[in-house]
Amino acid sequence: MKIIGLDIGTKRIGVAKADSTTRIAMPVGYLEVDGSEWQKIARIANLNNTNWFVLGLPRSNEGNETKQTLYVRAFAKDLLQKIPNAKIRFQDESLTSVEAEKRLKARKKPYQKGDIDAEAASIILQDFLEGFKESATSLSKNLSRQREREERVSPVTLAHWDANHQKQTGTNEAFPRKMVSQTTLQTIHENVKVVGKKESDKVKMSAMKTKHKIKKWPIFLVLALIVGGAIGGFFVVQKIREHNAEERRKEYARQEAEMKAEVFSFTIRPGETIYDVKKALQKEGYSDEDIDNAFVYDYDFDFLKKRPAGASLEGYLYGETYEFYKGVPIEDILTKYLEGMSRVISENNLEARYAEKGLSLFEGITLASIVQKESPAGEQATVAQVFLSRLGYGWKLGSDVTVSYAIDAIDPNRTVYQDNAAALAIDSCYNTRLYTGLPCGPIANPNLESLLAVANPSDTSYLYFLTGDDGLMYYSYTESEHNQNAALHCQSLCNISL
């Protein structure tokens, strides 16, 4: 999971980022506070596919909140309004800018004030990551300490333990030094039974010898163990530090390369088709093979599983502009637009609302795509009403845009279908001039207005419409009224080639 760190100032905002798995914060840059910072923060979040933010919360040297603290809290509230799904965490900080400048000076490279803010953001984020790691491991550390306390064995206990073991085995071997709990040791000790004075004296003599040894040797042994352990521990710690340093260097190099990577904007507009999207991907340098493979990839979205077998992604790439790193897999690009459609479907409860109109989700999106191509802005709800009424009466939709889609699929250059008469006679499940009901799938990517229009059409009862040469919509109830509107308002547009 990626996390964005922010050092909030009244003039600039320092930005850093980190991956929760590597736990290494890296400065990204800074933003000027000029009103555009919200859009830029959202852009950074989109590029890193995250909605997690850590904000530095300034405090005085005494740990009290200041005016700047209140400013940051207000900023956080605004951030939640601008990015409603943002997840915000605060990290207490004090004098991070001073520490950031020290670090930059130590690197002996030129830097600007904005670089200090970015470095401060990385310090804030790193502190958060370290604190998060510490809190997650504190319980296991406490349990380990408790076990260590239980497993400590006194020298006297060991002497008795050795004596009893030697008596039972008839050897001079010490009892095996297994780490067992103090309770277990106490049980073993209590169960030692010495029979007869002679055996008792042997045990005592053995214990006394051990006691004398304890007086003479423990200091030397303890010192040797401490020194040896310290030396060994030193080398172990050094190896760990070297390993961690190497990991950090690799991560820094990777993230620096990532930050320098070229970014490109990619737009899918409402009303565009898969054919249009593929051409746009070709312009970005993707091969035809990679493009074709991406469009038949099995994307894991519930709403896609409700399509008929063999249905394409047509109509499901919700129109929007996103930014991607150069060379990102096409599957990642398409996933972003599918996520947009998933969000729109869920937030507007489209599946249930389409069901109220007697339509499945697939059928509702199909009709919305036709509305998208047929309607100018503001007319979607009325056009949707016309089509829904025609479906209710069992009439043909009679939509020319579905015919155009059918021809585009097999004859985009119109080498065969050169006139409208031939076009309107094309034998295709998309030809709603020839067949009743909906076409066999969406014909474009509908926008939100068109999707909602099918769910909530206008409260009218028209059965015909056309777009006049003046760009206005003309509706009618009967075919004769429709023909009259065509004669009065559609001399050229109604005769345009499909």
Trainee: Can you name the nearest heavy-atom pair linking Y30 to D115, along with the distance?
Mentor: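 For Y30 and D115, the tightest heavy-atom pair comes out as CD2-N, 4.1 Å.
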Trainee: Kindly say whether I8 contributes a backbone atom to a donor-acceptor pair with the side chain of Q68 at under 3.5 angstrom?
Mentor: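 Checked: pair present.
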Trainee: Which value, rounded to the nearest 0.5 Å, describes the distance between I345 atom CD1 and L451 atom CG?
Mentor: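 Here the interatomic distance stands at 7.5 Å.
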Trainee: Please report the shortest heavy-atom distance between G29 and A118, naming the atom on each side.
Mentor: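 Reported closest heavy-atom pair: O-CB, 3.2 Å.
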Trainee: Could you give the distance from CD1 (I123) to CD (Q91), rounded to the nearest 0.5 Å?
Mentor: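 Those atoms lie 11.5 Å apart.
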Trainee: Drop me the distance from E339's CD to N49's CG, to the nearest 0.5 angstrom.
Mentor: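 CG of N49 is found 6.0 Å from CD of E339.
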Trainee: Does the side chain of T366 pick up a donor-acceptor pair with the side chain of S369 at under 3.5 Å?
Mentor: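 Short answer, no.
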Trainee: Got a donor-acceptor contact below 3.5 angstrom from the D470 side chain to the L472 backbone?
Mentor: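 At least one qualifying donor-acceptor pair exists.
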Trainee: Less than 6.0 Å separating the ring centroids of F301 and Y299?
Mentor: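 Ring centroids of F301 and Y299 are no less than 6.0 Å from each other.
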Trainee: For atom CD of Q484, decide whether the heavy atoms of other residues, nucleotides or ligands shown that lie under 6.0 angstrom number more than 12.
Mentor: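 Counting other residues, nucleotides and ligands, CD of Q484 stays at 12 neighbours or fewer.
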Trainee: Between D292 and K278, does any NZ, NE, NH1 or NH2 come within less than 4.0 Å of an OD or OE carboxylate oxygen?
Mentor: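 Judged by the 4.0 Å cut-off on N to carboxylate O distance, K278 and D292 do form a salt bridge.
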Trainee: With a 4.5 Å limit on heavy-atom distance, are the side chains of I426 and D411 in contact?
Mentor: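 Of all side-chain heavy-atom pairs linking D411 with I426, none is under 4.5 Å.
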Trainee: Between S480 and N483, does a side chain to side chain donor-acceptor pair (under 3.5 Å) hold up when you go through it step by step?
Mentor: CA-CA 5 Å; S480 61; N483 292 334; over 6 Å; no
Trainee: If you count every heavy atom of other residues, nucleotides or ligands that lies below 6.0 Å from K305 atom NZ, does the total exceed 12?
Mentor: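 Atom NZ in K305 is crowded, with more than 12 foreign heavy atoms closer than 6.0 Å.
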Trainee: For N431 and R433, which heavy atoms make the closest approach, and how far apart are they?
Mentor: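 Scanning both residues completely, I find the closest heavy atoms to be OD1-N, 3.0 Å.
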Trainee: Does the T432 side chain pair with the main chain of S399, one donor and one acceptor, at a distance under 3.5 Å?
Mentor: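 A pair under 3.5 Å: yes.
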Trainee: Identify the heavy atoms of P439 and T402 that sit nearest to each other, and give their distance.
Mentor: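 Smallest interatomic distance, heavy atoms only, reads CG-CG2, 4.4 Å.
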Trainee: Is the closest side-chain heavy-atom distance between V416 and I407 below 4.5 Å?
Mentor: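 Sidechains of I407 and V416: no contact.
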Trainee: For F362, does its backbone N or O pair with a side-chain atom of R307 as donor and acceptor, under 3.5 Å?
Mentor: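 Pair absent, no side-chain N/O of R307 close to backbone of F362.
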Trainee: Would you say the side-chain atoms of D7 pair up with the backbone N or O of A120, donor to acceptor, closer than 3.5 Å?
Mentor: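 Not at all, since once roles are kept as given, no pair shorter than 3.5 Å links the two residues.
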Trainee: Does the pair K11/E32 count as a salt bridge with the N-to-O cut at 4.0 Å?
Mentor: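 Here K11 does not pair with E32 in a salt bridge, since their nearest N and O are not under 4.0 Å apart.
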Trainee: Hey, are the side chains of L125 and M26 touching, using non-hydrogen atoms and a 4.5 Å cut-off?
Mentor: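 Side chain of L125 against side chain of M26, heavy atoms only: no contact under 4.5 Å found.
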Trainee: Could you check whether any side-chain heavy atom of S360 comes within less than 4.5 Å of a side-chain heavy atom of K306, counting everything from C-beta outward?
Mentor: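 No, too far: nothing below the 4.5 Å cut-off.
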Trainee: Using the salt bridge (Lys or Arg N to Asp or Glu O under 4.0 Å) rule, collect all pairs that involve residues 118-128, keeping only residues at least two apart or in two chains.
Mentor: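 Of all non-adjacent pairs touching residues 118-128, those that pass salt bridge (Lys or Arg N to Asp or Glu O under 4.0 Å) are R103-E119, R107-E119.
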Trainee: Out of curiosity, L6 CG to L31 CG, how far, rounded to the nearest 0.5 Å?
Mentor: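 Atom-to-atom, L6:CG and L31:CG are 8.0 Å apart.
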Trainee: Please output the side-chain donor-acceptor pairs of residues 379-387 that fall under 3.5 Å, not counting sequence neighbours, one pair per line with the distance.
Mentor:
residue: E379; atom: OE1; partner: Y475; partner atom: OH; Å: 2.6
residue: Q380; atom: OE1; partner: G378; partner atom: N; Å: 3.0
residue: Q385; atom: OE1; partner: T460; partner atom: OG1; Å: 2.5
residue: Q385; atom: OE1; partner: Y462; partner atom: N; Å: 3.1
residue: Q385; atom: NE2; partner: S389; partner atom: OG; Å: 2.9
residue: Q385; atom: NE2; partner: T460; partner atom: O; Å: 3.4
residue: Q385; atom: NE2; partner: Y462; partner atom: O; Å: 2.9

Trainee: Could you pull out all residues at least two apart from D427 that satisfy side-chain hydrogen bond (donor to acceptor under 3.5 Å, both in side chains)?
Mentor: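 Testing D427 for side-chain hydrogen bond (donor to acceptor under 3.5 Å, both in side chains), a comparison that skips the adjacent residues, returns Y435.
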Trainee: What's the shortest heavy-atom distance between I24 and L129, and which atoms?
Mentor: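 Heavy atoms only, the tightest pair is N-CD1, 4.1 Å.
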Trainee: Does T335 have any side-chain hydrogen bond (donor to acceptor under 3.5 Å, both in side chains) partners at least two apart in sequence or in another chain, and if so, which?
Mentor: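 Partners of T335 under the side-chain hydrogen bond (donor to acceptor under 3.5 Å, both in side chains) test: none.
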Trainee: Checking the side chain of N51 only, and the main-chain atoms of K87 only, is there a donor and an acceptor separated by less than 3.5 Å?
Mentor: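 No.
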Trainee: Judged by modelled atom types alone, do S36 and D34 share a side-chain donor-acceptor pair under 3.5 Å?
Mentor: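 Looking only at side-chain atoms, D34 and S36 do form a donor-acceptor pair, the distance falling under 3.5 Å.
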Trainee: How far apart are the closest heavy atoms of L55 and A76, and which atoms are they?
Mentor: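 Where L55 meets A76 most closely, the heavy atoms are CD2-CB, 3.9 Å.
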Trainee: Is D300 atom CG crowded by more than 12 heavy atoms from other residues, nucleotides or ligands, each under 6.0 Å away?
Mentor: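 Counting other residues, nucleotides and ligands, CG of D300 stays at 12 neighbours or fewer.
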Trainee: Any donor and acceptor pair, going by atom type alone, linking the side chain of N48 with main-chain N or O of I44 inside 3.5 Å?
Mentor: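 It does hold such a pair.
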Trainee: So do S404 and I443 actually touch side chain to side chain, heavy atoms under 4.5 Å?
Mentor: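 Sidechains of S404 and I443: no contact.
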Trainee: Would you check if K357 and P457 make a side-chain contact, meaning some heavy-atom pair closer than 4.5 Å?
Mentor: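 Of all side-chain heavy-atom pairs linking P457 with K357, at least one is under 4.5 Å.
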Trainee: Is the Lys NZ or Arg CZ of K336 less than 6.0 Å from the centre of F324's six-membered ring, within 45° of the axis?
Mentor: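 K336 over F324 ring: no.
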Trainee: Mind checking side-chain hydrogen bond (donor to acceptor under 3.5 Å, both in side chains) for D298 and listing every partner two or more places apart, or none if nothing turns up?
Mentor: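 Not a single residue meets the side-chain hydrogen bond (donor to acceptor under 3.5 Å, both in side chains) criterion with D298.
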Trainee: What distance separates E323 CD from R43 CZ, expressed to the nearest 0.5 Å?
Mentor: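 Spacing of CD (E323) from CZ (R43) equals 3.5 Å.
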Trainee: Kindly compute the distance separating CD1 (I124) from CD (E93), expressed to the nearest 0.5 Å.
Mentor: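 It is 4.0 Å, given to the nearest 0.5 Å.
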Trainee: Kindly indicate whether the side chain of E351, heavy atoms from C-beta on, has any atom under 4.5 Å from the side chain of F303.
Mentor: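 The answer is no, as the side chains (C-beta and beyond) never meet within the 4.5 Å cut-off.
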Trainee: Verify, without hydrogens or angle tests, whether S346 (side chain) and S342 (backbone) share a donor-acceptor contact under 3.5 angstrom.
Mentor: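 Here the side-chain-to-backbone pair does not exist.
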Trainee: Taking N413 for the side chain and T415 for the main chain, is one N or O donor matched with an acceptor at less than 3.5 Å?
Mentor: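 No, because the side chain of N413 does not come within donor-acceptor range (under 3.5 Å) of the backbone of T415.
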Trainee: Distance-only, no hydrogens or angles: does the N64 side chain make a donor-acceptor pair with backbone N or O of S60 under 3.5 Å?
Mentor: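 A pair under 3.5 Å: no.
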Trainee: Judged by modelled atom types alone, do Q372 and N445 share a side-chain donor-acceptor pair under 3.5 Å?
Mentor: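 Absent: no donor and acceptor within the cut-off.
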Trainee: Could you check whether atom OH of Y275 has more than 12 heavy atoms from other residues, nucleotides or ligands sitting under 6.0 Å from it?
Mentor: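 Not buried by this count: 12 neighbours or fewer within 6.0 Å.
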Trainee: Measuring only between side-chain heavy atoms, which start at C-beta, is V263 closer than 4.5 Å to L47?
Mentor: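 They are in contact (side-chain heavy atoms under 4.5 Å apart), so the answer is yes.
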Trainee: Sorted by first residue and then second, give each ring-ring contact (aromatic ring centres under 6.0 Å, His included) pair with at least one member in residues 399-425; sequence neighbours left out.
Mentor: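 Those involving residues 399-425 are Y405-Y430.
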